[in-house]
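Data block below; observations after.
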Amino acid sequence: MQSTSRPIAILASETPDAAEAAETLSALYRTVPPEEADVIVALGGDGFMLQVLHRFMDTGKPIYGMNKGTVGFLMNEFRDGGLSDRLDRAVETVIHPLEMTAVDEDGLTHSALAINEVALFRQSYQAARLKISIDGRTRLEELVCDGVLVATPTGSTAYNLSAQGPIIPISAPLLALTPVSAFRPRRWRGALLSRHQVVDIEVLEAGKRPVNAVADHREVKSVRSIRICEAANLRSLILFDPEHSWDERILAEQFRY
């Protein structure tokens with residue numbers, strides 16, 4: 001059994017492939033419980049990686065993912081050998097989450113954090129009607145759409161990209177505000193915002209056109225209003241192999257067709 005230069009913990013998703021990979025690594029390397037680890041090795045896909053990043057947010061423990069899922073955009077390639085060297089050479093990226101504050105139809109306030117995006121979706125067959133303000137100034141009096149989302153650079157290649165939103169380099173201090181199937185104004189394709197700006201969204205005709213809000217895995221039903229801003233005081237740490245860094249992935253993704 002080999003030792004790494006830093007104490008590591010191994011966490012795996014519930015898939016058989018991830019569980020098998022965890023057994024392989026645990027037989028090769030000395031591991032410790034997560035609370036005693038300096039580095040967390042996550043085995044799974046992007047969804048599992050988001051869960052681990054949330055779990056260890058603001059602990060100072062970096063997460064090194066290896067892909068045993070489907071897409072694996074947030075993950076490194078799985079190899080069972082040379083883990084110590086890979087961890088020593090890995091490039092660390094700091095991720096600041098978004099904070100969502102949503103008020104529901106009963107006047108209750110709900111708070112949640114999002115590493116990828118905060119999104120609003122229509123709850124019924126009728127399109128949503130939304131009023132959007134940035135830093136207290138109304139920018140869209142009415143957006144008729146299936147939904148709208150605010151994505152971080154980390155989340156810009158996820159649902160934001162599927163909604164035709166822009167890909168944002170990880171070091172860019174930007175957020176993407178992207179509509180989902182906008183009907184009015186038909187030609188509006190979204191906006192790039194400073195990560196320091198505050199987005200307020202008011203749901204118009206909320207009783208007739210109910211809307212749900214989602215921050216990564218946390219959903220709030222029937223919201224009346226929502227505020228989205230960066231939680232600059234919180235951070236998650238993610239590690240990438242230098243030859244397959246986040247910047248390289250972002251650049252490569254923009255030239256795919």
**OP:** Take E35 and K61, measure what salt bridge (charged side-chain N to carboxylate O under 4.0 Å, His left out) needs, and give me the verdict at the end.
**Re:** CA-CA 9 Å; E35 58 272 14; K61 298 180 188 291; over 6 Å; no
Original post:
Are L177 and I115 co-members of a hydrophobic cluster defined by side-chain heavy atoms under 4.5 Å apart?
Top reply: no
Original post:
Could you give the distance from CD1 (I168) to CG (L175), rounded to the nearest 0.5 Å?
Top reply: 6.5 Å
Subject >> Heavy-atom pair of closest approach, residues A231 and L113 >> reply: CB-CD2, 4.3 Å
Original post:
With hydrophobic residues grouped by side-chain heavy-atom distances under 4.5 Å, do L192 and V198 end up in a single group?
Top reply: no
Original post:
Is it true that a side-chain atom of S133 and a backbone atom of G136 form a donor plus acceptor pair closer than 3.5 Å?
Top reply: no
Original post:
If you measure only the distance, is there a donor-acceptor pair under 3.5 Å linking the side chains of S222 and Q123?
Top reply: yes
**OP:** With side chain to side chain contact (heavy atoms under 4.5 Å, CB included) as the test, would you mind laying out the steps for V203 and V223 before giving the verdict?
**Re:** CA-CA 7 Å; V203 180; V223 297; 4.1 Å; yes
Subject >> V32 versus P7, closest heavy-atom pair with distance >> reply: CG2-CB, 4.0 Å
Subject >> Results of side chain to side chain donor-acceptor pair (under 3.5 Å) for E219 - residues two or more places apart only >> reply: N212
Original post:
Does N76 use its side chain to pair, donor to acceptor, with the backbone of G65 at less than 3.5 Å?
Top reply: yes
Original post:
Where the side chain of Y64 meets the backbone of I40, is there a donor-acceptor pair that is under 3.5 Å apart?
Top reply: no
Original post:
If only atom types and distance count, is the side chain of D38 paired as donor or acceptor with the main-chain N or O of R6 below 3.5 Å?
Top reply: no
Original post:
Where the side chain of T152 meets the backbone of T154, is there a donor-acceptor pair that is under 3.5 Å apart?
Top reply: yes
Original post:
Is it true that D146 and R122 make a salt bridge, defined as a side-chain N closer than 4.0 Å to a carboxylate O?
Top reply: yes
Original post:
Of the options K221, R224, H110, which is the one that meets D104 in a side chain to side chain donor-acceptor pair (under 3.5 Å)?
Top reply: H110
Original post:
Can you tell me if T178 uses its side chain to pair, donor with acceptor, with the backbone of L149 under 3.5 Å?
Top reply: no
Original post:
Are L239 and V94 grouped together when hydrophobic residues (ILVMFWY) are joined by side-chain heavy atoms under 4.5 angstrom apart?
Top reply: no
Original post:
If you count the non-hydrogen atoms of other residues, nucleotides and ligands that lie under 6.0 Å from CD in E14, is the total more than 12?
Top reply: no
**OP:** Any chance you could lay out the side chain to side chain contact (heavy atoms under 4.5 Å, CB included) test for L174 and R195, step after step, and finish with the verdict?
**Re:** CA-CA 5 Å; L174 299 172; R195 66 184 178 92; over 6 Å; no
Original post:
CG of L43 to CD1 of I10: how many Å apart, nearest 0.5 Å?
Top reply: 6.5 Å
Original post:
For F56, what residues pass the ring pair (Phe, Tyr, Trp, His ring centres under 6.0 Å) criterion, not counting sequence neighbours?
Top reply: none
Original post:
For the side chain of K131 and the backbone of L204, is there at least one donor-acceptor N/O pair under 3.5 Å apart?
Top reply: no
**OP:** List in chain and number order the residues that pass salt bridge (charged side-chain N to carboxylate O under 4.0 Å, His left out) with E99, two or more places apart in sequence or in another chain; answer none if no residue qualifies.
**Re:** none
Subject >> I201/V148 under side chain to side chain contact (heavy atoms under 4.5 Å, CB included): CA gap, chis, key distance, verdict >> reply: CA-CA 9 Å; I201 302 174; V148 69; 3.8 Å; yes
Original post:
Less than 4.0 Å between a side-chain N and a carboxylate O, is that true for R129 and E141?
Top reply: no
**OP:** Please check if Y29 and V41 belong to a single hydrophobic cluster, counting links between Ile, Leu, Val, Met, Phe, Trp and Tyr side chain heavy atoms closer than 4.5 Å.
**Re:** yes
Subject >> Passing option when P153 is tested against N116, I170, I167 for side chain to side chain contact (heavy atoms under 4.5 Å, CB included) >> reply: I170
Original post:
Where the side chain of N67 meets the backbone of F78, is there a donor-acceptor pair that is under 3.5 Å apart?
Top reply: no
Original post:
Counting N and O atoms only, with roles assigned by atom type, does the side chain of E36 sit under 3.5 Å from a partner on the main chain of P33, one being a donor and the other an acceptor?
Top reply: no
Subject >> Candidate pair L98 and V150, rule side chain to side chain contact (heavy atoms under 4.5 Å, CB included), full reasoning >> reply: CA-CA 9 Å; L98 295 175; V150 177; 4.0 Å; yes
Original post:
Distance from R235 atom CZ to T59 atom OG1, nearest 0.5 Å?
Top reply: 9.5 Å
Original post:
Hey, is the main chain of R186 close enough, under 3.5 Å, to the side chain of R189 for a donor-acceptor pair?
Top reply: yes
Original post:
Between D241 and R86, is the closest basic N to carboxylate O distance under 4.0 Å?
Top reply: yes
**OP:** Would you please test R227 and D200 for salt bridge (charged side-chain N to carboxylate O under 4.0 Å, His left out) and show each step?
**Re:** CA-CA 5 Å; R227 169 164 287 191; D200 286 293; 2.7 Å; yes
**OP:** State, to 0.1 Å, how close M75 and G45 come at their nearest heavy-atom pair, and which atoms those are.
**Re:** SD-O, 3.9 Å
